[in-house]
Structure formats: structure tokens, C-alpha cells
Amino acid sequence: MNVDIFEDERIDDLQFKGLKIIQNINGFCFGIDAVLLADFCKIKKNAEVIDLGTGTGIIPILLSGKSNAKRITGVEIQDEVVDMARRSVSLNDLEEKIEIVKCDIKCVQDSFEKNRYDVVVSNPPYMHSNGLINENDKKAISRHEVLCNLEDVIRGAAYLLKPNGRFFMINRPLRLVDMICYGRQYNLEPKFIRFVHSKANKAPKLVLMEYVKNAKPESKILEPLYVYGEDNKYTKEILDIYSNVSVAE
């Protein structure tokens with residue numbers, strides 16, 4: 001399908017099932033964290049999935065190719081980014097499977113049904129807002145807690161999830177205690193935790209977490225994931241993640 005591509009935008013080939021995405025070269029572009037999170041998800045056939053803070057829609061687009069979800073909704077607050085995500089959905093002819101909704105994560109209860117979704121996904125802003133950020137800067141909004149914070153995301157996920165539904169998130173290890181404490185505060189039990197390291201001899205840079213709503217207290221630390229090997233090239237597991245065609249359960 002032909003869609004408008006504006007100045008400072010480009011179309012990136014995801015090299016996966018012919019999927020593409022529109023990105024602004026001066027804005028926040030997706031990175032490996034979105035790819036890792038999409039692969040970390042477990043999604044049953046005909047599941048209803050929602051991505052909080054979808055940005056340009058990278059996770060819904062990846063999950064459309066990796067799962068048999070019935071419907072995937074992306075939630076984003078920035079007008080320009082919402083428009084870009086919607087055009088990416090149209091570019092891939094995915095309007096019947098993906099919907100991009102402009103909504104404030106802090107107010108999901110005003111736009112979405114409670115306890116509706118089987119899976120919630122989020123790659124939220126990692127860093128605290130320090131008062132020095134330009135609140136109109138799309139990169140700052142994507143990286144820092146300018147328009148929402150971690151508690152807002154977890155509270156929203158708890159509201160949206162069905163009992164025993166799953167919430168998948170990626171964040172920085174420095175937010176680990178917050179991730180666990182807020183999860184339990186809103187009845188989301190951290191069940192699986194996996195640390196992501198740049199190399200085997202380096203401290204973790206990212207953490208993946210799977211929560212289950214109303215589950216019994218019990219957490220499992222998974223084997224660490226290493227991005228680069230001694231040769232400074234992607235490890236086999238990372239290459240496998242990029243080429244993995246299914247997260248269906």
C-alpha cells in the first residue's frame with residue numbers, strides 16, 4: 001500500500017516476513033531492546049494484546065509476524081508518533097490486525113475495558129525525568145519519564161490484564177526494585193526475570209521481566225543473555241532471536 005513519507009523520514013526493512021517500519025531520522029528509533037522484548041513474549045492463538053507506549057509501532061508490527069494474536073493494540077500519546085505508527089501499519093497492510101490508539105497511559109481506564117487483555121507489553125521510558133528535559137523533545141519523551149512513569153505503566157497493565165494474564169516488560173537493571181515492588185503493589189507477580197549483558201564479563205544493561213496477574217509469589221531467574229561474543233559479533237542466541245519467526249505458545 002502507498003503511504004505518505006515525509007521529510008526526515010525513512011522506511012526501514014525489518015528483514016522479517018517482508019515487514020517494514022517508518023522512522024524519523026531525527027526522532028527516537030527502535031533498538032535491540034524492542035527486538036528482545038518481542039521475542040521474550042509468549043502469546044497464545046487468538047490472544048488480545050496491547051502495547052503501552054508503542055512509539056512507532058515496532059512491537060505490534062513484530063508481534064503481528066511472530067504470533068497468532070487476534071488483535072494487537074498500540075497505545076501512544078504523541079500525535080506525530082501516532083501518525084507515523086498508523087502509516088507503518090498501513091504500509092504493511094495490517095489494519096485488520098493492529099490498531100494504534102492515541103491515549104495517555106495514565107488514563108487507560110477512560111479508553112479501554114478493564115480485564116480485557118491476555119497480554120500487555122511495554123518498553124517504557126527507562127530514565128527518571130530530572131527537570132532539565134525539553135518536554136516537547138520526542139527523544140526525551142521516549143527515554144525519560146516525562147509524560148508517564150514506571151508506576152503508571154504497571155498500574156495500567158494491571159487494569160488491562162485478565163486474571164492470570166501476562167505482562168512483559170524490558171527496562172534497565174537500576175529499575176529492578178521498582179519493577180518488582182510496583183508489580184506486587186498492583187497484583188502483578190514477577191515470574192521470570194532475565195538479565196541482558198553486552199558481554200559475558202560485563203554487568204547487565206537490560207532486564208526482561210514476565211509478570212502474571214494474581215499469581216502466587218515465586219520468581220525464576222533465567223540464564224543470562226549475552227549480546228556480543230569475544231569476537232565482538234552478535235552471539236548465536238541474538239542471531240537466533242532476530243531470525244525467530246514465532247513466539248506462539
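Note that this is a predicted model, so its numbers are computed, not measured.
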| said: Can you confirm whether the side chains of Asn149 and Lys106 place a donor and an acceptor under 3.5 Å from each other? | reply: no
| field | Donor-acceptor contact below 3.5 Å, side chain Lys191 vs main chain Val212 | value | no
| Can you find a heavy atom in the side chain of Asn92 that is under 4.5 Å from one in the side chain of Ile98? | no
| query | Hey, does Arg116 have a side-chain heavy atom less than 4.5 Å from the side chain of Leu160? | reply | no
| query | Under the 3.5 angstrom rule, does the side chain of Arg86 hit a backbone N or O of Ile100 as a donor-acceptor pair? | reply | yes
| request: State whether the number of non-hydrogen atoms from other residues, nucleotides or ligands found under 6.0 Å of Lys17 atom NZ is greater than 12. | output: yes
| Would the number of heavy atoms belonging to other residues, nucleotides or ligands and lying under 6.0 Å from NZ of Lys114 be above 12? | no
| Any donor-acceptor pair under 3.5 Å from Lys97 side chain to Ser64 backbone | yes
| said: What I'd like to find out is whether the side chain of Gln185 reaches to under 4.5 Å of the side chain of Ile154, using heavy atoms alone. | reply: no
| Is the shortest distance from a Lys or Arg side-chain nitrogen in Asp231 or Lys233 to a carboxylate oxygen in the other one below 4.0 Å? | no
| task | Would you mind checking if Lys102 and Glu76 are paired as a salt bridge, meaning a charged N to carboxylate O distance below 4.0 Å? | result | no
| Does Met179 offer a backbone N or O that forms a donor-acceptor pair with the side chain of Tyr211 under 3.5 Å? | yes
| Got Tyr234 and Ile241 here, is their nearest side-chain heavy-atom distance under 4.5 Å? | no
| query | Do you know the tightest heavy-atom contact between Ala158 and Asn115? | reply | O-OD1, 4.4 Å
| Is there a side-chain contact between Phe16 and Val35, using heavy atoms and a 4.5 Å cut-off? | no
| query | Think Lys202 forms a cation-pi with Tyr228, using NZ or CZ under 6.0 Å from the six-ring centre and within 45 degrees of its axis? | reply | no
| Salt bridge check: are Lys162 and Asp118 linked by an N-O gap of less than 4.0 Å? | yes
